[in-house]
2 protein chains.
Amino acid sequence: MEISNDTQALVSARRERSLTTIVRDRLEQMILQGELGAGTRLNEQALSKVLGVSRGPIREAARLLEREGLVASVANQGAFVRQLSIEEALELYDLRAAIAGYACAQLAERASAVEKREMREMVEEMDRCITAEEEARYFELNLVFHDRIAELSGGKRTLELYTSLGKEVRLLRRRVLRGTESMRFSNEEHKQIVGAIQDGDAAAARKAAEQHHINGKRRWLDTL
Amino acid sequence: MEISNDTQALVSARRERSLTTIVRDRLEQMILQGELGAGTRLNEQALSKVLGVSRGPIREAARLLEREGLVASVANQGAFVRQLSIEEALELYDLRAAIAGYACAQLAERASAVEKREMREMVEEMDRCITAEEEARYFELNLVFHDRIAELSGGKRTLELYTSLGKEVRLLRRRVLRGTESMRFSNEEHKQIVGAIQDGDAAAARKAAEQHHINGKRRWLDTL
DNA sequence: AGAGTGAAAACTGTTGACAATTTGAAAACG
DNA sequence: CGTTTTCAAATTGTCAACAGTTTTCACTCT
């Protein structure tokens, strides 16, 4: 049973993190992993039984997810896992591109030597993954790489928006594993981004980051 | 007493809009109008008495505002009206600039003839406000103009983000009335934006919109 | 007088119960 | 046989009470 497991987590983490945030993370996980498919209603009773908490925290968690774009609420009908159209997904890619561009431009002006080094090393590590054909690990590092850029750019809201849009788009995109070639192209673009940041060339960094995300959009679109 | 008023709204709108969203809008209003100053705790008991609802809807509304960036929650201490630092405000201006740039670029490619005409007329109307020295009205039209652009760009999330960032920045900015000269400069920039959209020149529209927001940031910064 | 202590007050976190609404299926009707 | 009506079950919306935490403030001890 899931209950005991969650209840345990509940007890240990109690009064540090509220049940609401715990439920929020759990629901987010369930949604992003497809456990709760698009369009599914978040049945409060059922969830409260499964997660071992009352309906209050679940409702609050749903509100949090609503603003994050992962669920949509209808009055008197509850919250549903959001259904993303392709058009909406494309829009999200564009918005993410714009924000990533800004983040990289900022980073080009702000980044310290150690930060630059960190990013260089991440790209090199991804290169190793390509030659070793470790696609899953490349995928993971790629996510970390981009989130880290948003984080290092210094803006809290920038990071929030970037990761939030990333989660949102994952509603539709079932983990696109790309094949060696595609990874190689992708990482070449990473190198351009990191290179521009290293040179302190904000305009170039911005352009490279935007183009990278736009290319990502195209790659994703091609898989449909 | 406020209670009767709110209770009335409650009864009339009941089961159409949930109490949560009503409370949300009311709280948002109170925050943006400075009725609840930055750093104030949203006392659930007090608010439930004033608004005439129980604490549940208030908690949920607070969660909505949390994701919108208007309040920040601390475990076991509740929700506080967010305190925006100048650095954060500058970041918000930049993000908004990036999104506005994207929206205008989209609009340059998508806008219909009537939409172009609508925007031209808004700018002309603002011009009239300047010569008539109706600053308040100009201020109002300016807000509508930008929100309308975001709306016409077609992306739902784009509009959401743009308006959300706008509200967030208002936490700090007490309505900057700018004087005739400043309005004139501002509206000249509007003309550039509209012109580029009219020409279908996405790159120019984007650049003009971004620059306009960056200039807005500078104007705001100068008033400190 | 000032720092520490401890209980009481105020508040948030959570719950279970009740009210209102929607949904789905059986029954009534054409 | 298909359509409408009605009613019960399921579900969301709201509330008030209880549990746990933080804050306040009077009191003690040095």
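Keep in mind that this is a model prediction, so the values were computed, not measured. Numbers restart at 1 for each chain; the letters A, B, ... are given by sequence-line order, proteins then strands.
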For Phe80(A) and dT22(C), what is the distance between atoms CZ and C1' respectively, to the nearest whole Å?
11 Å
Rounded interatomic separation in angstrom, taking CD from Glu60(A) and C1' from dT14(D):
13 Å
Answer with base, sugar-phosphate or nothing: what part of the nucleic acid does Gly56(A) contact at a heavy-atom distance below 4.0 Å?
base
Should the ring pair His146(A) and His212(A) be called parallel, tilted or perpendicular, given that the plane angle runs from 0 to 90° and is split at 30 and 60?
parallel
Roughly how many Å is it from NZ in Lys49(A) to C1' in dT15(C), rounded to a whole number?
16 Å
Do Arg24(B) and Glu28(B) meet the salt-bridge criterion of a basic N to acidic O distance under 4.0 Å?
yes
Does Glu210(A) come within less than 4.0 Å of Arg206(B), counting only side-chain N to carboxylate O?
yes
dT12(D) OP1/OP2 closer than 4.0 Å to side-chain N/O of Asn76(A)
no
Not counting sequence neighbours, which residues clear side chain to side chain contact (heavy atoms under 4.5 Å, CB included) with Phe80(A)? List them please.
Arg41(A), Val74(A), Gln77(A)
Taking only residues two or more places apart in sequence or in another chain, which ones pass side chain to side chain contact (heavy atoms under 4.5 Å, CB included) with Arg96(B)?
Tyr162(B), Leu165(B), His213(B)
Between dG13(D) and Arg55(A), counting only base atoms on the nucleotide and side-chain atoms on the residue, is there a donor-acceptor pair under 3.5 Å?
yes
Check the pair Met119(A), Leu107(A) against side-chain contact (heavy atoms from CB on, under 4.5 Å), reporting the backbone distance first and the verdict last.
CA-CA 11 Å; Met119(A) 294 172 43; Leu107(A) 199 49; 3.7 Å; yes
Tabulated below should be each protein N or O lying under 3.5 Å from an N or O of nucleotides 9-11 of chain C; please produce it.
from	atom 1	to	atom 2	distance (Å)
dC11(C)	OP1	Asn43(B)	ND2	3.0
dC11(C)	OP2	Gln45(B)	NE2	3.1

Nearest-angstrom distance from the residue atom CG of Leu19(B) to P of dT12(D)
17 Å
Roughly, in whole Å, what's the span from CD1 in Ile58(A) to P in dG13(D)?
13 Å
Between Arg59(B) and dT12(C), is there a side-chain N or O to OP1/OP2 distance below 4.0 Å?
no
